[in-house]
Protein chains: 2
Amino acid sequence: MYRLCHPGDGEEAPDLPHGIVKRKRTLKRGETLYRAGEPFRNVYAIRYGSVKTSLVTDDGRVQVTGFHIAGELLGLSAIVTGRYNCEAKALEAAGVCEVRFDQFGELSRQLPSLQYQMLQIMSQELLHNQELMLLLGKKNAKERLATYLLNLSQRFEKRACSYTRFNLTMSRSDIGNYLGLAEETVCRIFSLFHEEGLVTTRSRQIQLNDLDRLKAIARG
Amino acid sequence: MYRLCHPGDGEEAPDLPHGIVKRKRTLKRGETLYRAGEPFRNVYAIRYGSVKTSLVTDDGRVQVTGFHIAGELLGLSAIVTGRYNCEAKALEAAGVCEVRFDQFGELSRQLPSLQYQMLQIMSQELLHNQELMLLLGKKNAKERLATYLLNLSQRFEKRACSYTRFNLTMSRSDIGNYLGLAEETVCRIFSLFHEEGLVTTRSRQIQLNDLDRLKAIARG
DNA sequence: CGTTCACTTGAAAGTGTTCAATTACTGTGG
DNA sequence: CCACAGTAATTGAACACTTTCAAGTGAACG
């Protein structure tokens, strides 16, 4: 299957036809890939590292709309308005492929599977969004955090990483702003889970000790 | 511009090439279009009426993920898994066009603009989802309801309906389950807005009396 | 080694929920 | 057209959960 960009650190040749404008770009921790309001020119495929996307209200409240890792595509919600509606910021050192969106028509003529792939990717994102809505609308703090940890775990599992022990690249505050909770609440629930033996946390290093019990808490 | 299906009641011919399987279907109020878990075969374009989509947890909590009206497309989040992940139910008498998804590849070969259209539609939905996440994650009850009313108003405005006076086709409970609030809270805020002269409500008939003040409340 | 930022914990205060009771609709059949 | 039944909407009061504010601890980095 063709891909817009291979995940991974290496310098392997991308498996796209030649002549497609595709620029690699690296980001330092905290660096911004695009900001809300900027004209939409590119979508970005993450090669490595992690990126958060977030919306900000005029009075400064932040909603993190997603944490994205290698293989994921950023910027798709900007297609319809022609401007990015959120901002994307690297959580750690990251690498992305920049793909000019105005070449997508041409691109998908050369690669008919690309069209199908885009549908898949966007559908996946819609699905994910809906699950997040359920979480934000209907779950309490414990359920939210448990759901979140299991979700991370699954994503790591797919990528052949340890799914019981990993590093959180995002701060407690980021997690709170993603889950619709105050930073302090996130801390409290972490402590609670720790006390109950569900997880072991040492700052951003986390280990899940009882996936089943976490699943029972996460429900939904 | 070609469309999958014309909104409207009429029997006007759809502007699609002949030979595309496209069945019209009508729904009574409360009737289900598809359920979560069913195999994904069709996407549905709403011709008239309104449809809600919702997720349900095993313990019965409901999250309404959207209220959809004429011109909108349903079922897109099912592409990736091959099963509908939510259920779609008519809020009032409604008509839809059923479009077999396995013919989409063929279809977009005949109608190159369809591909672009799909991207637009899905991007629009992603955008809408993100706004809803901001609402669910960061706004208080008043802000949520104000945002909701203004959103409805805008949608009616686009469709050349009155944007200050309209009928809610959904129950208070549906609104609550969409906004992440209890039904009772929705009632209370309606009453509050009523007292303050912002809106006039008579059961499901609503009139917005002060858009500016509503906007000030909705913020974000 | 001190400064800064992130994280943690406690106590008080809100905000929205839950449960219960009441009132208003809607639609149906007599 | 009215009465009735069933559903939807509203309101009140007590309660629960999360937030806010404040203080303190810990880790990272120059």
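Below, chain A is the first sequence line, B the second, and so on; all start at residue 1. Bear in mind that the values here come from a model prediction, so they are computed numbers and not experimental data.
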Heavy atoms under 4.0 Å is the rule here; annotate nucleotides 1-8 of chain C 5' to 3' with B where the base is hit, S where only the sugar-phosphate is, and - elsewhere.
-----SSB

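Remark: A:E125 pairs with no residue by the salt bridge (charged side-chain N to carboxylate O under 4.0 Å, His left out) rule, at least two apart or across chains. Scanning for salt bridge (charged side-chain N to carboxylate O under 4.0 Å, His left out) contacts around A:R213 gives A:D210, with sequence neighbours left out. With sequence neighbours excluded, the residues that form a side-chain contact (heavy atoms from CB on, under 4.5 Å) with B:R188 are B:E184. Listed by chain and number, the residues in a side-chain contact (heavy atoms from CB on, under 4.5 Å) with A:Q124 are A:L127, B:V80 (sequence neighbours excluded).
Put simply, B:T185 has a side-chain N or O that comes within less than 4.0 Å of OP1 or OP2 on C:dT17.
Counting only distance, with no hydrogens or angles, the side chain of B:S123 and the backbone of A:L76 share a donor-acceptor pair below 3.5 Å. Between the side chain of A:S54 and the backbone N or O of A:V62 there is no donor-acceptor pair closer than 3.5 Å. B:Q207 contributes no side-chain N or O that, together with a main-chain N or O of B:V199, makes up a donor-acceptor pair within less than 3.5 Å. For the pair B:R204 (side chain) and B:T169 (backbone), a donor-acceptor distance under 3.5 Å is present.
On the nucleic acid side, DNA chain D contacts chain B at distances under 4.0 Å to non-hydrogen atoms, with the end points of that region at D:dA8 to D:dA13.
Every pair passing salt bridge (charged side-chain N to carboxylate O under 4.0 Å, His left out) that includes a residue from residues 142-151 of chain B is listed here, sequence neighbours excluded: A:R61-B:E143, B:E143-B:R219. Residue pairs meeting the side chain to side chain donor-acceptor pair (under 3.5 Å) criterion with at least one partner in residues 80-93 of chain B, sequence neighbours excluded, are A:Q130-B:N85, B:S50-B:E92, B:S77-B:N85. The salt bridge (charged side-chain N to carboxylate O under 4.0 Å, His left out) pairs that include a residue from residues 170-182 of chain B are B:K52-B:D174, where partners are two or more places apart or lie in different chains.
Here the C1' atom of nucleotide C:dT15 and the CZ atom of B:R188 are 11 Å apart, to the nearest Å. Rounded to whole Å, the distance from NZ on B:K139 to P on C:dT15 is 17 Å. Whole-Å rounding puts the A:N140 CG to C:dT17 P distance at 13 Å. If you take CG of B:L168 and P of C:dT26, they are 13 Å apart, rounded to a whole angstrom.
Residue contacts for A:G180: at a heavy-atom cut-off of 4.0 Å it reaches the sugar-phosphate backbone alone, with no base atom in range.
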Identify all side-chain donor-acceptor contacts of residues 27-36 of chain B below 3.5 Å with residues at least two apart in sequence or on another chain.
unit_1, atom_1, unit_2, atom_2, d
B:E31, OE1, B:K28, N, 2.7
B:Y34, OH, B:G75, N, 3.4

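For the segment residues 142-152 of chain B, no residue has any heavy atom less than 4.0 angstrom from an atom of DNA chain D.
In the helix from C:dC1-D:dG30 to C:dG30-D:dC1, the rotation axis of the first five pairs and that of the last five pairs differ in direction by 40°, rounded to 10 degrees.
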Evaluate the side-chain contact (heavy atoms from CB on, under 4.5 Å) criterion for residues A:T201 and A:F193: first the C-alpha distance (whole Å), next the side-chain angles of each, then the deciding distance (0.1 Å), finally the verdict.
CA-CA 9 Å; A:T201 54; A:F193 283 178; over 6 Å; no

